[in-house]
Every structure is written in C-alpha cells, then in structure tokens.
*Asks:* 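This is the structure, below, for whatever I ask next.
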Amino acid sequence: MPELPEVEMVARGLRAPLTGRRVQGLWSDWPRVMHSPPTEEFAARIDGQVFRAVSRRGKFLLCALDSETLIVHLRMTGRLYVAANEKQVEADRWVHFRLQLDEGLQLRFSDARKFGRVWLTANPATVTSALGPEPLSRHFTSRWLRKRLQDRSRAIKPLLLDQGFLAGVGNIYADEALNHARIHPLRPANSLGEAEARALHRALRAALRAGIEHEGASINWYRKPDGSRGESQSHFRVYGRNGEPCPRCATPVVKSVVAQRGTHFCPRCQPAP
DNA sequence: CGGACAACCTGGCGGC
DNA sequence: TGCCGCCAGGTTGTCC
C-alpha cells in the first residue's frame, strides 16, 4: 500500500495511537530493516523517547520523537501499525521490526518482501532532502510543472515516478493522472504543451486526492462490524483494468511496459507520440 | 542526461 | 493437489 495517498492514511491513522507513547525497547529479526544506525545503536538511542508527532514527506513516514525522528519507508509491502502486546503476534508472521511501547502497546513494522527500511536520525532532512515538491502543497503549481517539464527530454511517466522530480507519485497514480490528462506515458516531457502541462497538474492532484478519500472509505468499510467488504471494486480509471473500457471513450484499456513498469492507458485518449 | 536491467525478497495467482 | 513461471503499488546501483 505504498504511494502518497496510502502513506498519508497510515500517518493519519498512527497519529492518535502513537503520540505520547514512550519507547521501552526494540526487537528485530532482520537487521537490514534498519538502514541506519545499526541495531544496537538504534535501540540505545530510541529507548525512552516519546513519540511527539507523525507526518509524511513523499512516501516517507516521519515519526518525531523527543530528540530524533523515526523514519519509515514501506516500499512494496510494508505495513506500520500499533497493536496490543501479544495479540495478533501469530497472525502476522511478517513483522521484522518492533518497538515496545508503554501502556501495553507495540509499534510493528510488517513487511513480507523485506524491502522496507527504517531510519533514526536527529536530522530528517538527511533522508528526505533529495525529494521533489509535495504534489498537494501550494509549492506544486501548474507554472512550476510546466517550467520543469521544459528542460527534460525524458518520457513523462518515468519522470513522474522520479521522487527527486516530484515526491510521492507511484505507478498507480502516474497511470491514473496521465489517463485523466490524456497524455501517453511515453511522451517526452518537453513535448507537452501548456494546456497539457496544466491538465497534468490538475490530474495529478485530483488522482492523489481521490486516492486519499477512497483510502478513508475503505478504512470505514474495514471497520464494519459484520466484516463485509462492501463493493471492493477499485476506483481507478485504468490501473488494473486491462481490456476494460476507458471511462471517457470506452476504448479498451491497454497494458504495456514502460520504464520496466506495468503501464495502463487508453490508446485513443492517449495517442502515442 | 536517460534508458535498460539486475538486485533486493517473498507471496499470490494462473496455467498445466 | 503440486509445481512453475510470472507478476507485484519501490528504490538503487551499474553499464552503455
């Protein structure tokens, strides 16, 4: 669950249960999950600190402690959540990093593929400084995008996936935004006209905002007491809809490979360059 | 600069 | 049921 909207929902969900909790110990059975510092130092430095705030930058989760920040990147399969001691321990065999908290709680990092990483640093900027702007902030303007596209010959989709260009966009939302803006994923960035750049700017923000809203919706469903899943169909326009009709023109959505990533688009609305 | 590809890891799924 | 190959929402390093 790891693009900007999903990470944002994790940050929001952790804020209440985590804020004010004190760390009382660290456990891990996969030392590589700690990018830095190494296990022993990590454990010594984090012990006794209290969580003060939870935020997000790109796809990074930032958990501010008294004097340092715990940073988490979920990568492909990471999940970060607070749970009561012991409970669900057997149910989640993919927890490779855990912080013991006060009040009988634990912060667990579960990650089947072991791609995710955690950092502990007094200066979070050392981890996040290379990131581009936040797509939902006011710094990300249509004008900024247009200007930055001008000096890039790269295909637009891999450019959108470049976290140094723009923070937080991943494979799903890149496809969604490009379809909405009617731009083929292989179009050179500097070939986009002014109107297209404006459409892309709007589409990116709309897709990410919609993603956040639907995450909220799915969380509400998840809490339904009867356990029913509601209609769990995706809200995506093209992602995962290979062969299904484009929402705008009904032409079947095509799935191809662009920049080594599965890529969905409408061959009619998004004509090849 | 940019594209291609291998690595890092494991689980789920479709096909036979 | 069992095995096999392929796919996966991410990132980084190397090579051309």
Side-chain angles (χ1 to χ4, degrees), chain A residues 1-11 28-36 56-61 71-80 91-97 109-119 126-132 135 148-179 184-192 204 207-212 214-215 218-219 232-243 253-265 273:
Chain A
M1 45 173 340
E3 294 184 40
L4 186 154
E6 292 74 26
V7 179
E8 176 64 26
M9 292 312 295
V10 173
S28 174
D29 67 351
W30 184 255
R32 294 175 65 176
V33 71
M34 284 160 279
H35 181 281
S36 61
R56 176 194 62 73
R57 175 78 173 93
K59 300 173 192 171
F60 290 91
L61 282 159
I71 302 180
V72 179
H73 197 301
L74 305 172
R75 290 284 179 93
M76 299 283 271
T77 52
R79 295 198 314 127
L80 189 68
D92 193 341
R93 49 191 264 241
W94 295 294
V95 175
H96 298 295
F97 177 90
F109 185 38
S110 168
D111 186 10
R113 282 176 80 176
K114 298 179 176 172
F115 282 179
R117 292 291 180 267
V118 301
W119 294 252
T126 58
V127 178
T128 62
S129 63
L131 293 175
R148 290 297 311 275
L149 291 177
Q150 278 173 6
D151 42 61
R152 298 296 216 115
S153 59
R154 216 177 166 186
I156 187 63
K157 172 159 178 182
L159 184 61
L160 292 178
L161 296 179
D162 183 343
Q163 302 299 295
F165 180 78
L166 189 61
V169 177
N171 202 40
I172 292 178
Y173 294 97
D175 282 1
E176 292 295 292
L178 288 171
N179 174 76
H184 190 282
L186 283 176
R187 287 277 303 283
N190 58 12
S191 77
L192 300 200
L204 281 164
L208 294 169
R209 285 214 181 92
I212 291 173
H214 293 139
E215 274 299 300
S218 63
I219 283 173
S232 66
Q233 59 179 342
S234 90
H235 299 277
F236 301 129
R237 304 169 58 90
V238 289
Y239 183 82
R241 293 192 182 282
N242 187 18
V253 169
V254 168
K255 180 177 181 187
S256 67
V257 176
V258 171
Q260 296 80 238
R261 310 296 303 278
T263 296
H264 314 73
F265 65 96

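Treat the numbers as computed from the prediction; the structure is a model and nothing was measured. So you know, we letter chains A, B, ... as the sequences are listed, proteins then strands, and number each from 1.
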*Asks:* Which whole number of Å gives the distance between the P atom of dA6(B) and that of dC6(C)?
*Replies:* 13 Å
*Asks:* Charged N to carboxylate O under 4.0 angstrom, Glu176(A) versus Arg237(A)?
*Replies:* no
*Asks:* Would you measure the distance from the P atom in dT10(B) across to the matching atom in dT1(C) and give it in whole Å?
*Replies:* 25 Å
*Asks:* Leu61(A) has an atom CG; how far is it from atom P of dG9(C), in whole Å?
*Replies:* 20 Å
*Asks:* Expressed as a whole number of angstroms, how long is the span from Leu74(A):CG to dA8(C):C1'?
*Replies:* 15 Å
*Asks:* Side-chain N or O of His73(A) less than 4.0 angstrom from OP1 or OP2 on dT11(C)?
*Replies:* yes
*Asks:* If you compare every side-chain N and O of Arg75(A) against the phosphate oxygens of dA8(C) (OP1, OP2), does one of them come in below 4.0 Å?
*Replies:* no
*Asks:* Mind calculating the distance between CG (Asp175(A)) and P (dG10(C)) to the nearest angstrom?
*Replies:* 10 Å
*Asks:* Remember a base hit wins even if backbone is also touched, and classify Arg152(A) as base, sugar-phosphate or nothing at under 4.0 Å, heavy atoms.
*Replies:* sugar-phosphate
*Asks:* List for me each residue that meets side-chain hydrogen bond (donor to acceptor under 3.5 Å, both in side chains) alongside Lys157(A), sequence neighbours excluded, and say none if there are none.
*Replies:* Asn171(A), Asp175(A), Thr263(A)
*Asks:* Using OP1 and OP2 only, check whether a side-chain N or O of Lys59(A) sits under 4.0 Å from dT11(C).
*Replies:* yes
*Asks:* Once you measure the plane-to-plane angle for Tyr173(A) and Phe236(A), does it fall in the parallel (<30°), tilted (30-60°) or perpendicular (>60°) bin?
*Replies:* perpendicular
*Asks:* Would you classify Gln163(A) as touching base, sugar-phosphate or nothing, given that sugar-phosphate means primed atoms plus P, OP1 and OP2, and contacts are heavy atoms under 4.0 Å?
*Replies:* sugar-phosphate
*Asks:* Under the 5.5 Å and 30° test, is Phe115(A) stacked on the base of dT11(C)?
*Replies:* no
*Asks:* Does the side chain of Lys114(A) get closer than 4.0 angstrom to OP1 or OP2 of dG10(C) through an N or O atom?
*Replies:* no
*Asks:* Quick one: does Ser234(A)'s side chain get under 4.5 Å of Arg241(A)'s, heavy atoms only?
*Replies:* yes
*Asks:* Identify the stems formed by DNA chain B, where each pair is Watson-Crick or G-U wobble with both distances under 3.5 angstrom and a stem is at least 3 consecutive pairs.
*Replies:* B:2-8 with C:10-16, B:10-16 with C:2-8
*Asks:* Rounded off to whole Å, could you give me the CD-to-C1' distance for the Gln150(A) and dC1(B) pair?
*Replies:* 17 Å
*Asks:* With sugar-phosphate meaning primed atoms plus P, OP1 and OP2, does Tyr239(A) contact a base, only sugar-phosphate, or nothing at under 4.0 Å between heavy atoms?
*Replies:* sugar-phosphate
*Asks:* Between Arg79(A) (CZ) and dG11(B) (P), how many Å, whole number?
*Replies:* 14 Å
*Asks:* Would a 4.5 Å heavy-atom cut-off, applied to side chains only, mark Pro273(A) and His184(A) as touching?
*Replies:* yes
*Asks:* Are a donor atom and an acceptor atom from the side chains of Asn190(A) and Ser153(A) found within less than 3.5 Å of each other?
*Replies:* no
*Asks:* Counting any heavy atom closer than 4.0 Å, what does Ala155(A) reach on the DNA or RNA strands: base, sugar-phosphate only, or nothing?
*Replies:* sugar-phosphate
*Asks:* With a 4.5 Å cut-off on side-chain heavy atoms, are Leu204(A) and Pro135(A) touching?
*Replies:* no
*Asks:* Where the side chain of Arg93(A) is defined as all heavy atoms beyond and including C-beta, which of dC7(C), dG9(C), dG11(B) is the nearest nucleotide?
*Replies:* dG11(B)
*Asks:* dG9(C) P sits how many Å from Lys255(A) NZ, rounded?
*Replies:* 7 Å
*Asks:* Would you mind reporting whether Ser28(A) and Met34(A) have side-chain heavy atoms less than 4.5 Å apart?
*Replies:* yes
*Asks:* From CZ of Arg32(A) over to P of dA7(B), roughly how many Å is that when rounded to an integer?
*Replies:* 14 Å
*Asks:* Roughly how many Å is it from CZ in Arg117(A) to P in dA7(B), rounded to a whole number?
*Replies:* 17 Å
*Asks:* Any side-chain N or O of Ser153(A) less than 4.0 Å from the OP1 or OP2 oxygen of dG2(B)?
*Replies:* yes
*Asks:* Look at Arg113(A) and dC8(B) and indicate whether a side-chain polar atom (N or O) is within less than 4.0 Å of OP1 or OP2.
*Replies:* no
*Asks:* Starting at the 5' end of DNA chain B and moving along, which residue's nearest nucleotide shows up first, Gln260(A) or Trp94(A)?
*Replies:* Gln260(A)
